[in-house]
2 protein chains.
Amino acid sequence: MAAVDLTTHPGHLARRLQQAHHLLWNTMVSEEITSPQFAVLNTLVAEPGLDQRTVGERVGLDRSTVAEVISRLTRRGLLDKVRDPQDGRRFLLRLTDDGVRTHRKLTVRTARMNQVFLAPLSAEEQTVFFDLILRVADAAEGLRNPAEPLVTQA
Amino acid sequence: MAAVDLTTHPGHLARRLQQAHHLLWNTMVSEEITSPQFAVLNTLVAEPGLDQRTVGERVGLDRSTVAEVISRLTRRGLLDKVRDPQDGRRFLLRLTDDGVRTHRKLTVRTARMNQVFLAPLSAEEQTVFFDLILRVADAAEGLRNPAEPLVTQA
DNA sequence: GGCTGTTAATCAGGGCACTGATTATTTCAG
DNA sequence: CTGAAATAATCAGTGCCCTGATTAACAGCC
């Protein structure tokens, strides 16, 4: 008898927001390339030659997920993986020509989709929307790595 | 050369927000019961005897996902499934005593977690946060079913 | 009664996301 | 130089999430 109103639960709202986004992405951007895959491509356009771990850090994907995403992109020929001659643990990642083309094409469509997605909000509201979400997400991520104590006494 | 700033992409932000939430949920609420599972329990506290499809509608889970979530809750003995004598296609869902107890316990913890999660925002900002996300999500969901028999405000 | 269409649930298949354990390589202390 | 800690990547296991196809049951129409 003590049911809660889920519309005041940020986690629930975040999930619904993501689902709504997924729906729109699928219809307006691509059924092949997903949003996380696009994020990886985008990062490698900006910084070619990153390793897997760093890519994950940039786009907010953990080590396992980023490995799967990269393996899919590689399988589709959008990405090249080369062993780092300087450090045999690492793979250096780089877009193929096809990867670059795909990124360019999706960038346009993504911009269009974002417009539709955010259409219910005024320009000022959109700014607030980004700001609030970013602040909440950043703060929660900060809780994971509490300020590293410089003087360690473990 | 034409990399995009992902912090102005609502889909990317939604994903990051959900990940941050997941992290906090795991540490502050439960490692056993997930947020979607809690949403299902919560719905059945409010409306016992719903069928699977309706539960999915209430919490925003599609038919396949809701089936998995319910099967997990049933396996843990938090939920009972009974064939509807009125309609042999349906299963009627109801919490067990253990399910009710679990829901009660998690309700308290969830409230605490939400406070921590939203702490970076002032009270007014929290209201805006809910409002903006809800409006965007609702609008996008509305695009899926263009012409529904709208119940325009009673 | 039988046809047809709809609906609840399941199944097959793909992708995202996390944790904990393992492997290979590098780095650093002694 | 050598063994121990750290690091990049992979693997195993679980759970969420979606679409499209299938199965079983209901409902209306002739």
Side-chain angles (χ1 to χ4, degrees), chain A residues 11-12 14-27 30-40 50-57 59-76 81-93 140-141 144 152 154, chain B residues 11-12 14-27 30-40 50-57 59-76 81-93 140-141 144:
Chain A
H12 184 70
R15 186 168 59 77
R16 283 195 49 205
L17 186 65
Q18 218 197 340
Q19 280 169 202
H21 175 261
H22 180 263
L23 185 67
L24 215 56
W25 180 280
N26 246 345
T27 62
S30 170
E31 293 185 347
E32 313 285 318
I33 307 295
T34 65
S35 172
Q37 287 173 19
F38 175 73
V40 168
L50 287 185
D51 66 308
Q52 210 167 289
R53 193 196 61 75
T54 308
V55 170
E57 203 173 273
V59 300
L61 293 174
D62 73 304
R63 63 208 192 291
S64 287
T65 305
V66 88
E68 292 179 33
V69 171
I70 284 175
S71 121
R72 280 177 208 115
L73 291 172
T74 306
R75 211 166 50 218
R76 289 180 198 195
K81 248 173 107 160
V82 184
R83 191 63 86 169
D84 184 348
Q86 246 68 81
D87 184 340
R89 290 168 300 183
R90 263 194 267 267
F91 287 97
L92 303 182
L93 304 170
E141 276 167 20
R144 186 213 283 273
T152 57
Chain B
H12 184 70
R15 187 169 61 76
R16 283 196 48 205
L17 186 64
Q18 218 197 339
Q19 280 169 202
H21 174 262
H22 181 263
L23 186 67
L24 215 56
W25 180 281
N26 245 345
T27 63
S30 170
E31 293 184 346
E32 313 286 317
I33 307 295
T34 66
S35 172
Q37 287 172 17
F38 175 74
V40 168
L50 286 184
D51 66 309
Q52 210 167 289
R53 193 196 63 74
T54 309
V55 169
E57 203 174 272
V59 300
L61 294 174
D62 73 303
R63 62 209 192 289
S64 287
T65 305
V66 88
E68 292 179 33
V69 171
I70 284 175
S71 122
R72 279 177 208 114
L73 292 172
T74 307
R75 211 165 51 217
R76 289 181 199 196
K81 249 175 107 159
V82 184
R83 192 64 83 172
D84 185 347
Q86 246 69 90
D87 185 340
R89 290 169 299 182
R90 263 194 267 268
F91 286 98
L92 304 183
L93 304 170
E141 276 168 22
R144 187 214 280 273

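All chains are named by letter (A, B, ...) in the order of the sequence lines, taking the proteins before the strands, and each is independently numbered beginning at 1.
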Could you write out each protein N or O paired with an N or O of nucleotides 5-7 of chain D at a distance under 3.5 Å?
from, atom 1, to, atom 2, distance (Å)
D/dT7, O4', A/Arg89, NH1, 3.4
D/dT7, O2, A/Arg89, NH1, 3.1

Given side chain to side chain contact (heavy atoms under 4.5 Å, CB included), test B/Leu93 with B/Asp51 step by step and report yes or no. CA-CA 6 Å; B/Leu93 304 170; B/Asp51 66 309; 6.0 Å; no
A/His21 NE2 to D/dC18 P: how many Å, rounded? 14 Å
For B/Asp62, answer base if it contacts any base atom (sugar-phosphate contacts may also be present), sugar-phosphate if it contacts only those atoms, and nothing otherwise; contact means non-hydrogen atoms under 4.0 Å. base
May I have the distance from B/His12 (atom NE2) to C/dA17 (atom C1'), rounded to whole angstrom? 15 Å
Let me know the distance between CZ of B/Phe38 and C1' of D/dG15, rounded to the nearest Å. 18 Å
Mind checking if B/Arg16 touches a base, just sugar-phosphate, or nothing, with heavy atoms under 4.0 Å? nothing
Nearest heavy-atom neighbours spanning A/Leu17 and B/Ala14: CD2-CB, 3.7 Å
Step-by-step side chain to side chain contact (heavy atoms under 4.5 Å, CB included) determination, B/Leu61 to A/Arg15: CA-CA 10 Å; B/Leu61 294 174; A/Arg15 186 168 59 77; 3.1 Å; yes
Could you please spell out the steps behind the side chain to side chain contact (heavy atoms under 4.5 Å, CB included) verdict for A/Lys81 and A/Gln52? CA-CA 9 Å; A/Lys81 248 173 107 160; A/Gln52 210 167 289; 4.0 Å; yes
For A/Arg76 and C/dG15, is the shortest distance between a side-chain N/O and OP1 or OP2 below 4.0 Å? yes
Just N and O in the side chain of A/Gln52: are any of them under 4.0 Å from OP1 or OP2 of D/dA8? no
Between A/Thr74 and A/Ile70 (side chain of the first, backbone of the second, donor and acceptor by atom type, cut-off under 3.5 Å), is there such a pair? yes
The side chain of A/Lys81 is closest to which nucleotide in this list: C/dA17, D/dT10, C/dA9? D/dT10
Polar pairs (N or O, both sides) under 3.5 Å between protein and nucleotides 20-23 of chain C?
from, atom 1, to, atom 2, distance (Å)
C/dG20, N7, A/Arg63, NH2, 2.7
C/dG20, O6, A/Arg63, NH2, 3.3

Those residues that, when tested against A/Asp84, pass side-chain contact (heavy atoms from CB on, under 4.5 Å) (two or more places apart): A/Gln86, A/Asp87, A/Arg90, A/Leu92
Between C/dG14 atom P and A/Ile33 atom CD1, what is the distance in whole Å? 16 Å
Using a 4.0 Å heavy-atom cut-off, does B/Thr65 contact any base of the nucleic acid, only the sugar-phosphate backbone, or nothing at all? base
Walking DNA chain C from its 5' end, the first of B/Glu68 and A/Pro85 to be reached, judged by nearest nucleotide, is B/Glu68
Considering residues at least two apart in sequence or located in another chain, which fulfil the ring-ring contact (aromatic ring centres under 6.0 Å, His included) criterion with B/His12? none
Using side-chain contact (heavy atoms from CB on, under 4.5 Å) as the criterion, list what pairs up with A/Ser71, not counting sequence neighbours. A/Arg75
Whole-Å distance between C/dT10 C1' and B/Asp51 CG? 15 Å
Considering heavy-atom distances to DNA chain C, does A/Gln37 or B/Arg83 have its closest nucleotide positioned more toward the 5' end? B/Arg83
Any residue meeting side-chain contact (heavy atoms from CB on, under 4.5 Å) with B/Arg76, in chain and number order, not counting sequence neighbours: B/Glu32, B/Ile33, B/Gln37, B/Leu78
